[in-house]
Amino acid sequence: MKRSSSHRALAYARNAAMGCVVLLLLVAGVLSSWNEAHHIILAKGREHGTMTVTGCGADVCTGPFSPSGQATARSRVTIDRSVAARRGDRFPVVVKPGTDDVVRTGTPGFLHAWVPLGGALLLAGLVIGGGLRLSRTGWCTGIAGAVLLVATFFAL
């Protein structure tokens, strides 16, 4: 049976809408991740050092900052709370310019910064596989997101 032009138009509209949803998810994931990741990727010229966690609240952990190189020592810096940060832990950080906030560096920090993108890839995989009916592409996208999340879990 031959499809009518209205059925084809609806199929194109559905695919365009699903493509927009996938694009929105991925752009939101990249932008959310870039907020933290750019401090790690573009770290040249920033203050590098080590943070020792002395206490954690509901949202942030605090502790002193020991510089490496020409950075300024600070008695108290803050980092977003993570399940991987406990009192007494020491890890390499970079200071966000103009603040006393720090971002964890190295492989664990890099992976942690891209966690929002991993979640976006998982969701986009569902939309690609179910909405666009591209099952292989959906599986690959979802698996890429899951690998990123699992690698972050084990790295931290």
Sidechain N-carboxylate O distance under 4.0 Å for K96, E36: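 Yes.
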Would you please test T52 and D89 for side-chain contact (heavy atoms from CB on, under 4.5 Å) and show each step? CA-CA 6 Å; T52 304; D89 285 351; over 6 Å; no
Test of understanding: clusters of I, L, V, M, F, W, Y form through side-chain heavy atoms closer than 4.5 Å, transitively. Do [X] and [Y] belong to the same one?
X: L123; Y: W34; answer: yes
X: V60; Y: V94; answer: no
X: V93; Y: L156; answer: no
X: L23; Y: L31; answer: yes
X: I40; Y: L148; answer: yes

Which residues pass the side chain to side chain donor-acceptor pair (under 3.5 Å) test with S6, not counting sequence neighbours?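 Side chain to side chain donor-acceptor pair (under 3.5 Å) list for S6, sorted by chain: S4.
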Counting distance only, does the side-chain N/O of H48 pair as donor-acceptor with the main-chain N or O of Q70 below 3.5 Å?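 Between the backbone of Q70 and the side chain of H48 there is no qualifying donor-acceptor contact (under 3.5 Å).
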Tell me, please, which residues at least two apart from D100 pass salt bridge (Lys or Arg N to Asp or Glu O under 4.0 Å).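 Counting only residues at least two positions away or on another chain, D100 forms a salt bridge (Lys or Arg N to Asp or Glu O under 4.0 Å) with R74.
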Atom pair [atom1]/[atom2] of [X] and [Y] - distance to nearest 0.5 Å:
X: F110; Y: S33; atom1: CZ; atom2: OG; answer: 9.5 Å
X: R81; Y: C61; atom1: CZ; atom2: SG; answer: 5.0 Å
X: I41; Y: W114; atom1: CD1; atom2: CH2; answer: 5.0 Å
X: H112; Y: L149; atom1: NE2; atom2: CG; answer: 10.5 Å
X: M51; Y: T105; atom1: CE; atom2: OG1; answer: 12.5 Å
X: L111; Y: F154; atom1: CG; atom2: CZ; answer: 12.5 Å

Atom of T54, atom of P64 and distance for their closest heavy-atom approach: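 Shortest heavy-atom contact: CG2-CD, 3.5 Å.
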Please report the shortest heavy-atom distance between G29 and A120, naming the atom on each side.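 Looks like CA-CB, 3.8 Å.
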Would a 4.5 Å heavy-atom cut-off, applied to side chains only, mark [X] and [Y] as touching?
X: V127; Y: L25; result: yes
X: T50; Y: F65; result: no
X: I128; Y: W139; result: no

For the pair T72 and E47, evaluate side-chain contact (heavy atoms from CB on, under 4.5 Å) and give the outcome as yes or no after the intermediate values. CA-CA 8 Å; T72 306; E47 295 182 79; 3.7 Å; yes
Could you go through R133 and N15, starting from their C-alpha distance and side-chain angles, then the distance that decides it, and tell me whether this counts as side-chain contact (heavy atoms from CB on, under 4.5 Å)? CA-CA 9 Å; R133 297 183 180 152; N15 286 341; over 6 Å; no
Trace of the side-chain hydrogen bond (donor to acceptor under 3.5 Å, both in side chains) decision for R46 with H39: CA-CA 8 Å; R46 299 186 194 230; H39 296 293; 2.7 Å; yes
Given T78, which partner from the list V102, D59, D101 fulfils the side-chain contact (heavy atoms from CB on, under 4.5 Å) test?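 Of the listed residues V102, D59, D101, the side-chain contact (heavy atoms from CB on, under 4.5 Å) partner of T78 is D101.
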With side-chain contact (heavy atoms from CB on, under 4.5 Å) as the criterion, how do T62 and V77 come out once you've worked through the C-alpha distance, each side chain's angles and the decisive distance to 0.1 Å? CA-CA 6 Å; T62 59; V77 292; over 6 Å; no
